[in-house]
A.B. asks: 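Quick one: the structure is below, and I'll ask about it shortly.
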Amino acid sequence: MWHRTTGLLAGLLAISVGCAQRPDPSPRHDLIARVTGPEAGLAAPGPDGDRKPGVDPPLERASFEAPLDRGARPDEAQSTGPLTLEEANRLALRHSPILKLSEASIDAALGNLQVVDSAFLPSFQGNYGFQAFSSQVGFAGTRGRFPVLPVRGFGPGTQDFNVAEVQMKWTIFQFGRLLTKQSQAEFKTDVARLELERSHQTVGYAVARTYFQVLEAKSAFEIAEKAVEQAEAYRSEAGDLLRRGSITREEFLRVDAGLASVRQLRADAKSEEEVAVAALNQTMGINVNTPTRVAERKAAPKLEMPLKEALQLAVANRREIPVVMRGIAIARGDVDVARTEFLPSVSIQAGYSNVTGTGVQNANVGAGGIFISQDLYTGGKRRGQLRTAQAGLRAAEAQAQQVCDLVAFEVNAAYRGFEDARERIEAARAVFDQARENLRLVKSRYSAGGATPAEVIEARASDTKSEQTLNAAVYQYQRALARLEFAVGGPLPTSAEEVPTTTPEPKGENVAPPPPGEPSPFRLRPEAAMPGLPAAPDFGAPRINQPQAPGVPRPLQPESSTAPGLFGPPALSRPPYESTSPFGPKP
C-alpha cells in the first residue's frame, strides 16, 4: 500500500509540474502598441519610473507635425533631421520581421543539421524503474528442492524491484542513408542562407520603393499647396472684378471651380502622402503610426546597359538559381533514402542493469551484441515512399525551370520599365516647359488686361499637374532603377553622371498677385486712348442719349444701363471674358 501511495503521489507531482509550465496566452502590450499607436500600448510607469518589463518603448522619428520622441532608444533615434534612404535601410535591417523570419529559418536549418550529425554517434539512455508484486500462488520450498528465483522472477509472496540500467545503441551501417540525410541537411542550411540574402535584397527594394513613393507624394502635396495659394489670390481679385462689373458671374464661377479643383488635388496629395508614410514604416518594421519624415533625394545616376548584360548579371547574382539547384539535389537525396529503406541496417547495442529489491536476487547484468534489422513486409509503405520521392524530384526539376523563366521575365520587365521611366522624364520635362511657358504668357496677358483670372488659374493648374508629373517621373525612374537592381540581384554598373531631374523655376513664380488697388486692367483708362479717337466710355455708368461729336460714329451701347458693357472701342472689340489662349476659346 505504501508503494502504491508513493507512485500515486509521483504521478500527481508530474501532472502538477506539467500544468505549471503551460504557456501564458495573455496579450502582449508591445504587439498591441504596433496596431493602436506608439503611446496606446505603453504600460504605466512603476514606482522607480521605469516602464513595465518586456514592453519595448515605441520608435519615434521627427515628422511633418510631431517632434522627435526623446524616449526612444539611443540606437534608433540617431538624429532629429529627416530620415535618409541609408538610415531607412539600417532601420529595416534591425526591425524588419521578414529578416527575423529568415534568420529563424537559418537557426532551424542548423538545428536540423545537428540532429542529422548526431546519428553518426552512439546514443546512451538511462532508465530507472520500481515495481512491486504480491502473489499467493506458487510453490514454496527449500533451497535444496527448488532453484532460487531468477533476477526478476515472480514467486509467491511479496517482491519489489529497483532496476537502474544504461543502454547504448550505435547504428554503424545503413547503406548510405545517413550520408544522404547529412547532405540534405547541409543543402537546406545553404538554402536558408541564400534566402536570407534574398530577403535582405527584398527588404532593401521595398524600402527604396516606398521611400520614393513618400517623396513623390510629399512633392505633389507641396506643389498643390502652392497652387491653392495662387488660386485663392486670383479668386480674391476675381471677386473685386465681379463687384466692379468687369467680369460676368459665369466667369467668376469658373474661377471658383478652378479653385475647388486645385484644393481637391491638394487633399488627394495629402492623403497619398500619409498612406505612403505608413507603408514605409511597415516596410522598415517600425510602428506603422510613426510620423516619419524623409529627406529629399532627386539625384539619380545614369545607367547604360544592354538587356543581355542584365540577364547575365541575374544568372550570376540571383539567389533563386542556386536555391533551386540545391532543391533538386535535396529531392534526389529523398529518392536515395527511400531506396535504402528496402535494405537492412546494422547496429551495435549494449546494456548494463543493476537490480536490487526485496524477495529477489540482487544482481548486476551486462549485455551487448551486433544486430541486423530488416523490415520484411510493410504493406507497400516503402514503395509508396519511393514513388513520392520520385515525384518530388520531377517537381523540383519543373520548379527549377519555372524559377529560371521567372527570373528572365522579371529582368525583362524591370529593364523595359527602366527604359520607359527614363524616356518619361524627357517627355514630362517637355510638357512641363510648355505648361510653364503657357503660364507665363497667360500672366503677361492678364497684366495687360487680355486674360481673366479663370484663365490664369487654369494655366496654373496645368502647370501644377505638369510639375507633379515631372517629379513623379523622376521618382519613378529611381524606383525603376531599384527594381532593376532587385531583378538582377546585385549592384548595377551605373555611371557617375546624374540624370537631369530639375527645371529652373521662373523668377517670382510663387509670388501671389497683390489685390487690385487701382482700376481693373480690363478698363481702358482715358489717358491711354490714342490721339484722334474718343476716350473709352465708362462701362459702369449709364450712357443713354449722350451727345456725340459730329462725324464720329456712335459706339454700341449695352441693352441695360446697369450691366457691364460687352463691346468697347476697337482696342476691346471682343468680350472681356473671351480667351485668347493658344488652346482655343473657352466655352
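Heavy atoms only: backbone and side chains are in, while hydrogens, waters and symmetry mates are out. What you see is a predicted model; the values in this text were computed from it and never measured.
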A.B. asks: Is the Lys NZ or Arg CZ of Arg479 less than 6.0 Å from the centre of Tyr477's six-membered ring, within 45° of the axis?
C.D. replies: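 No; the conditions do not both hold, so Arg479 does not lie above the ring face of Tyr477.
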A.B. asks: Output yes when a side-chain donor or acceptor of Gln125 lies under 3.5 Å from a complementary backbone atom of Gln167, and no otherwise.
C.D. replies: no
A.B. asks: Would you call Glu186-Arg326 a salt bridge at under 4.0 Å N-O?
C.D. replies: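 No, this pair does not count.
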A.B. asks: Can a donor-acceptor pair be found, under 3.5 Å and without considering hydrogens, that links the side chain of Thr180 to the backbone of Val337?
C.D. replies: no
A.B. asks: Mind listing the closest non-hydrogen atom pair of Gly285 and Pro97 along with its distance?
C.D. replies: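 That would be CA-CD, 3.9 Å.
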A.B. asks: Is Glu103 salt-bridged to Lys100, going by a charged N under 4.0 Å from an acidic O?
C.D. replies: no
A.B. asks: Measure across Val335 and Ala389 and return the closest heavy-atom pair with its distance rounded to 0.1 Å.
C.D. replies: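 It is CG2-O, 3.4 Å.
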A.B. asks: Using a strict cut-off of less than 4.0 Å between a Lys/Arg side-chain nitrogen and an Asp/Glu carboxylate oxygen, indicate whether Glu410 and Arg318 qualify as a salt bridge.
C.D. replies: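 Judged by the 4.0 Å cut-off on N to carboxylate O distance, Glu410 and Arg318 do form a salt bridge.
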A.B. asks: Could you tell me whether Glu419 atom CD has more than 12 heavy atoms of other residues or ligands within 6.0 Å of it?
C.D. replies: yes
A.B. asks: When rounded to the nearest 0.5 angstrom, what is the spacing between CD1 in Ile98 and NE2 in His200?
C.D. replies: 11.5 Å
A.B. asks: Taking NZ, NE, NH1 and NH2 as the nitrogens, is one of them in Lys218 or Glu273 under 4.0 Å from a carboxylate oxygen of the other?
C.D. replies: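 No, no charged N to carboxylate O under 4.0 Å.
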A.B. asks: Checking the side chain of Trp170 only, and the main-chain atoms of Ala350 only, is there a donor and an acceptor separated by less than 3.5 Å?
C.D. replies: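 Such a contact is absent between Trp170 side chain and Ala350 backbone.
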A.B. asks: Taking atom types as modelled, is there a side-chain donor on Gln131 or Asp160 under 3.5 Å from an acceptor on the other?
C.D. replies: no
A.B. asks: Taking the side chain from Arg293 and the backbone from Pro291, do they hold a donor-acceptor pair closer than 3.5 Å?
C.D. replies: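 Absent.
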A.B. asks: Check Arg198 with Glu320, please: is the shortest side-chain N to carboxylate O separation under 4.0 Å?
C.D. replies: yes
A.B. asks: Roughly how far, to the nearest 0.5 Å, is the OG1 atom of Thr189 from the CD atom of Gln114?
C.D. replies: 11.0 Å
A.B. asks: Any chance you could measure Leu280, atom CG, to Leu215, atom CG, to the nearest 0.5 Å?
C.D. replies: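 One finds 9.0 Å between CG of Leu280 and CG of Leu215.
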A.B. asks: Take atom OH in Tyr352; do more than 12 heavy atoms of anything else shown fall under 6.0 Å from it?
C.D. replies: yes
A.B. asks: Are there more than 12 heavy atoms of other residues, nucleotides or ligands under 6.0 Å from atom CD of Glu296?
C.D. replies: yes
A.B. asks: Okay, side chain of Ser219, backbone of Glu216: is any donor-acceptor separation there less than 3.5 Å?
C.D. replies: no
A.B. asks: Check whether any side-chain N or O of Tyr475 sits under 3.5 Å from a backbone N or O of Tyr211 as a donor-acceptor pair, and report yes or no.
C.D. replies: no
A.B. asks: May I ask you to decide if Ala108's main-chain N or O and Asn112's side chain share a donor-acceptor pair within less than 3.5 Å?
C.D. replies: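 Not confirmed, Asn112 side chain does not pair with Ala108 backbone.
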A.B. asks: I'd like to know if Arg177 and Glu341 make a salt bridge, using a cut-off of under 4.0 Å between side-chain N and carboxylate O.
C.D. replies: yes
A.B. asks: Around atom CE of Met325, are there more than 12 heavy atoms of other residues, nucleotides or ligands at under 6.0 Å?
C.D. replies: no
A.B. asks: Return yes if some donor-acceptor pair links the side-chain N/O of Arg416 with the main-chain N/O of Val411 below 3.5 Å, else return no.
C.D. replies: no
A.B. asks: Does a salt bridge link Arg424 with Asp420, judged by any charged N lying under 4.0 Å from a carboxylate O?
C.D. replies: yes
A.B. asks: Indicate yes or no for a side-chain donor-acceptor contact from Thr290 to the backbone of Ile286 under 3.5 Å, with no hydrogens or angles considered.
C.D. replies: no
A.B. asks: Is a side-chain donor-acceptor pair under 3.5 Å present for Thr171 with Ser347?
C.D. replies: no
A.B. asks: Does CG in Leu121 sit with more than 12 non-hydrogen atoms of other residues, nucleotides or ligands closer than 6.0 Å?
C.D. replies: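 It does: Leu121 CG has more than 12 such atoms within range.
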A.B. asks: Determine the minimum heavy-atom distance between Gly489 and Asn317, stating which atoms define it.
C.D. replies: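 Scanning both residues, the minimum pair turns out to be O-CB, 3.3 Å.
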A.B. asks: Show the nearest heavy-atom pair for residues Ala480 and Gly417, with the distance to one decimal.
C.D. replies: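 The answer is CB-O, 4.0 Å.
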A.B. asks: State the CG-OH distance between Asn162 and Tyr128, to the nearest 0.5 angstrom.
C.D. replies: 4.0 Å
A.B. asks: Val163 and side-chain contact (heavy atoms from CB on, under 4.5 Å): which single residue from Val355, Asn354, Asn127 fits?
C.D. replies: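 Only match with Val163 under side-chain contact (heavy atoms from CB on, under 4.5 Å): Val355.
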A.B. asks: Evaluate the criterion salt bridge (Lys or Arg N to Asp or Glu O under 4.0 Å) for residue pair Glu397 and Arg394; output intermediate values, then yes/no.
C.D. replies: CA-CA 5 Å; Glu397 292 176 349; Arg394 294 194 301 270; over 6 Å; no
A.B. asks: Asn281 vs Thr292, test: side-chain hydrogen bond (donor to acceptor under 3.5 Å, both in side chains). Steps then yes/no.
C.D. replies: CA-CA 7 Å; Asn281 293 336; Thr292 304; 2.5 Å; yes
A.B. asks: For the atom pair CG (Leu113) and CD (Gln182), what is the distance rounded to the nearest 0.5 Å?
C.D. replies: 7.0 Å
A.B. asks: Should we say atom OH of Tyr377 is surrounded by more than 12 heavy atoms from elsewhere, each under 6.0 Å from it?
C.D. replies: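 No, not enclosed.
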A.B. asks: With rounding to the nearest 0.5 Å, note down the distance linking NZ in Lys181 to OG in Ser183.
C.D. replies: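 Atom-to-atom, Lys181:NZ and Ser183:OG are 12.5 Å apart.
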A.B. asks: Does Gln478 reach the main-chain N or O of Arg297 with its side chain, forming a donor-acceptor pair under 3.5 Å?
C.D. replies: yes
